[in-house]
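See below for the structure under consideration.
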Amino acid sequence: MKKQKLIIIGNGMAPGRALEHLFEQAPHAYDVTIFNAEPRVNYDRIMLSPVLSGEKEYEEIIIHGDGWYIKHGIMLYKGHKVINIDRQAKTVTSDAGTTETYDKLLIATGSSPFMLPVPGNNLPGVLSYRDLDDVRAMLLAAQSRARAIVIGGGLLGLEAAAGLKSRDMDVTVLHVMPTLMERQLDPAAGYLLEKAVEQRGIRVMTKASTKEIIGEKKVEGVLLADGTTLPADLVVMAVGIRPNSWLAKEAGLDCNRGILTDAGMRTSDPDIFAIGECAEVGGQCYGLVAPLYEMARVVAAQLAGNNEAAFVHSETPTKLKVTGINVFSVGDLAEGDDRQEIVLRDAAAGVYKRLVLKDDRIIGTVLYGETSDGAWFHDLTKKRTDISEMRDTLIFGQSYQGGSPLDPMAAVAALPDDAEICGCNGICKGKITGAITGKSLTSLDDVRAHTKASASCGSCTGLVEQLLSLTLGDSYNPSAVTPMCSCTDLGHDDVRRLIVAKNLKSIPAVMQELEWKTSCGCAKCRPALNYYLVADWPDEYADDYQSRFINERVHANIQKDGTYSVVPRMWGGVTSSKELRAIADVVDKFDIPAVKVTGGQRIDMLGIKKEDLPAVWADLGKAGFVSGQAYAKGLRTVKTCVGTDWCRFGTQDSTGLGIRIEKFMWGSWTPAKLKMAVSGCPRNCAEATCKDIGIICVDSGYEIHFAGAAGLDIKGTEVLGLVKTEDEALEHVVALAQMYREQGRYLERIYKWAKRVGLDEIRRQIMGDAQKRKGYFDRFVFSQKFAQVDPWSERVSGVDKHEFQPMATIGYAQAAE
Amino acid sequence: MNDWVEIGSINDIPRRGARCVRTPQGKIAVFRTMEDQIFAIEDHCPHKGGPLSQGIVHGASVTCPLHNWVISLETGKALGADEGSVKTVALRLDGDRIFAALELVAVAAE
């Protein structure tokens, strides 16, 4: 059967979840193409607040990394905003001019932050709080600016305010209503919340109506309706969201507030679906994740051919993700003649609990300060349980029903199988315990991967861990290491340690002594073992090329059509007419289809046939070129600027130092690729502050940086320290690289390694302990004796000839005989 | 009709490695495992057409160099969660010489 083409506009949490369901139910039904206006993969938007406050890093909130898209054959257009849907031709077109055809179209454009229509709302310094770019902009502002005003005292506004406060800003929250979070909390809980927010040093002004944002070229303050002027350097608007439906409207689909869909999430065009915050189903638009995931489940079933799947409205509890402030609210909190309430207040402990009852059933719950019974109350509401029997003790929570208080573990054990544990994903207890036993799960990550429980906002992580521990008993070990691969139970660190401790010097020896479960490993463990052995026994270990990935085996980069690309070294990015002429000649002679300048200041020749590689290298070698190792988990490039040679700002000879480092370190293998740069002054033209290791030259010497990233993740470097001379800079950089070579796990970039072992520990060993540093340096130098052999000239002289020639060519002439 | 065509010696292939053979039907990849078993399959991953001969060989399977699909050398089928398969080609070993069952008649008739 021919695959249908599914196009998805938007790459947020709802479509990501829909695809997971779809691939589970109908893995081969669709070729999927995604247009994402944000230039990145799918991440957990609910966790932006912890990123803002610094409790989490961006890489920790990624839901689907690039590998997931590759694995499922998804074409992901990052940074493409769709600007037109042509329903007649069944095509969509992006702002970059890409047009694709669909059989089925899924619109998941989410929502836009609502910006108050007041003068000055477009001044620089006025931000919304919606995506990672907003968070990055806030973090940038927090570095240099002092006063922030957050407009909006709802869920998002308070999380933004707490985040900015934890970044040391002076924060004021303006809220137009008399109490905070009035849509979810009653006035009593709203008051307690206000006190708690103020105790953290955040000023709260209620009944504050914004009239104007003032400023000349950027934000200078906010003018309120009562005439008060508040100075501000940053204004964050968090007053609400509105569904993004203009694209659907322009395409002529029926829209109200959002894009109108039936219960099967189908729009007025039968081939077009809409889910997420942009969709309006049953007369309602949604903004919390649980109903959005429910939409994802429904649309996936519909796409897989189940026309019965239908969206059902359910109440979703609200929780505030501000560390130390616990708020839980769900259901109908209004007062009325037919309603009763049970209230518990403990002023000293800052606890407030209120249950709204109707006909002996709970219809609304607000918990402040002590929220652990929220799930239980919500469960009673959903099941419409008659609570008249336990009414006297109800407010004290589940542990107090029927006798003495229970410990928390027993409370979890007492929950029925259909009690909801993960509200975001609608996962109940039975599903989790069933997966733990049925699929032999042993860790939190396993449970997250198989059931999604605690994989969104994470607030039920504790409950899931208790379930693991209840189900598995003593065999649950939360700190258990992740094995290298399915061939062994040992983690990377254990394997590295045992290789040295047991003196293991070949891959068969490692597999034998460490009791590998497979006869010759797999494509995950073999390259890792090969690296560990190369790094630990540079003089004794014979590199096993059959355990290297193809690029390292043939010293070129494989391309999608099976041809290769070749990048010669240009030391420090410096070249000459002679070198360029030699490259031009090679390109002509071998009819190389593409030539490109790389980000690492050198030249890539693409589309070379494998058989031609040795001849290409022979010609390049004659011009003095060696392999640029652009394919290696090893030293790649050392980018430089022109430094004191030419630049009027240069403080040191950055070009010379870059070339010196590259000549010293080329050929070395590292756990993952190692990219470096040297900038001649803090203007940083060589972009050293996003490299694995970077140097910024200053008047007083050389500032050494490390642990930056500018790929899947973007991260500025950390400062290792300042040294005075070029010789010292080289020694420190080399020692740092060697420490990473000895401790890094295979494929672990330096920033991940640094995070794992701790920046201070690295500074202590490299900056603070001269003896340690010297040891690392000497071991690196020793290892280079065996590593600095140009692999291209080796192959030109005949090494691994079999790699480059077919074993036989069975021709037509022979066939015709 | 298949004919047994000599394609080379087992010693031409490194253990846990592969070589290519060009045929009128396209490239085939000939593998030699750690235990000196030999297998031949189309040199074209069912996923995105990656050259399987360039992959890492482990046990009686190979991992495609483009996106890490694992293909069984014995059956040509994708292993694990992925689904798809490539054609296998029968091989015969006579001393150190390898013979492959290749369809030559159809080509000859052209």
Side-chain angles (χ1 to χ4, degrees), chain A residues 23-24 27-28 66-67 69-73 485-487 507-508 511 516-527 530 544-554 556-564 610-611 800-817, chain B residues 3 5-9 11-25 27-30 32-35 43-44 47-51 53-70 80-84 98 100 102-110:
Chain A
F23 291 140
E24 219 171 273
H28 301 294
D66 276 324
Y69 296 91
I70 293 169
K71 181 174 165 226
H72 291 287
C485 64
S486 54
C487 302
I507 290 182
M511 291 186 175
W516 238 242
K517 293 188 266 186
T518 50
S519 63
C520 87
C522 70
K524 268 190 189 162
C525 60
R526 286 238 308 276
N530 192 58
D544 176 19
Y545 265 60
Q546 295 310 129
S547 294
R548 283 194 179 273
F549 183 63
I550 183 67
N551 289 356
E552 293 184 351
R553 206 180 325 140
V554 300
N557 294 60
I558 196 167
Q559 303 299 316
K560 65 183 226 178
D561 61 355
T563 63
Y564 288 81
K610 198 180 182 191
E611 300 89 280
D800 283 347
K801 213 187 260 167
H802 64 86
E803 280 287 357
F804 302 97
Q805 289 301 326
M807 181 161 68
T809 300
I810 310 296
Y812 288 79
Q814 190 187 346
E817 276 168 12
Chain B
D3 287 315
V5 183
E6 184 177 338
I7 54 172
S9 160
N11 300 318
D12 294 340
I13 313 174
R15 283 202 176 110
R16 298 172 303 159
R19 297 287 300 274
C20 290
V21 174
R22 289 209 188 105
T23 80
Q25 285 94 40
K27 259 200 258 180
I28 64 169
V30 185
R32 177 183 180 185
T33 69
M34 180 86 138
E35 285 84 24
D43 195 15
H44 189 90
H47 176 220
K48 298 255 169 176
S53 57
Q54 319 288 295
I56 290 179
V57 181
H58 44 97
S61 45
V62 62
T63 297
C64 178
L66 292 196
H67 308 106
N68 294 325
W69 276 37
V70 181
D82 300 315
E83 279 178 40
I98 305 174
L102 295 174
E103 253 180 76
L104 298 179
V105 175
V107 178
E110 273 175 10

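The chains referred to below are lettered A, B, ... by the order of the sequence lines, with proteins before strands, and numbering in each begins at 1. Computation of the quantities below employed the complete heavy-atom set of this structure, encompassing side-chain atoms and omitting hydrogens, waters and symmetry-equivalent molecules.
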Tell me, for A/Gln559 versus chain B, whether the close heavy atoms (under 4.5 Å) come from the side chain, the backbone, both or neither.
-> backbone

Heavy-atom distance under 4.5 Å to chain A: side chain of B/Ser9, backbone, both or neither?
-> backbone

May I ask you to test the B/Asn68-A/Ile70 pair for a side-chain heavy-atom distance under 4.5 Å?
-> no

Chain A contact via B/Ile7 - side chain, backbone, both or neither, heavy atoms under 4.5 Å | both

Engaged part of B/Val70 at the chain A interface, taking heavy atoms whose separation is under 4.5 Å = neither

Please examine the side chains of A/Gln546 and A/Arg553, heavy atoms only from C-beta on, and report whether any two atoms are closer than 4.5 Å.
-> yes

Which class fits the ring pair B/His47 and B/His67: parallel under 30°, tilted 30 to 60°, perpendicular over 60°?
-> perpendicular

Chain B interface, residue from A/Gly67, A/Gly521, A/Ser519, A/Gly562 that has the most non-hydrogen pairs under 4.5 Å = A/Gly521

Is it the backbone or the side chain of B/Val21 that comes under 4.5 Å from a heavy atom of chain A, or both, or neither?
-> both

Evaluation steps, salt bridge (Lys or Arg N to Asp or Glu O under 4.0 Å), between B/Arg32 and B/Asp12 | CA-CA 10 Å; B/Arg32 177 183 180 185; B/Asp12 294 340; over 6 Å; no

Does A/Tyr564 offer a backbone N or O that forms a donor-acceptor pair with the side chain of A/Asn557 under 3.5 Å?
-> no

Measuring heavy-atom distances to chain B, does A/Arg548 have an atom under 4.5 Å in its side chain, in its backbone, in both, or in neither?
-> backbone

For residues B/His58 and B/Thr63, is any side-chain donor paired with an opposing acceptor at under 3.5 Å?
-> yes

Go through the atoms of A/Lys610 and report whether side chain, backbone, both or neither lie under 4.5 Å from a heavy atom of chain B.
-> side chain

Pick from B/Lys27, B/Arg22, B/Met34, B/Lys48 with the largest number of heavy-atom pairs that fall under 4.5 Å of chain A | B/Arg22

Are the charged groups of B/Arg16 and A/Asp544 less than 4.0 angstrom apart, N to O?
-> yes

B/Gly50, B/Gly8, B/Gly55, B/Ala100: which one forms the most heavy-atom pairs within less than 4.5 Å of chain A?
-> B/Gly55

Would you call A/Lys801 and A/Glu611 a salt bridge, using N to O less than 4.0 angstrom?
-> no

Given a strict heavy-atom distance threshold of 4.5 Å, which part of B/Pro14 is in contact with chain A: side chain, backbone, both, or neither?
-> side chain

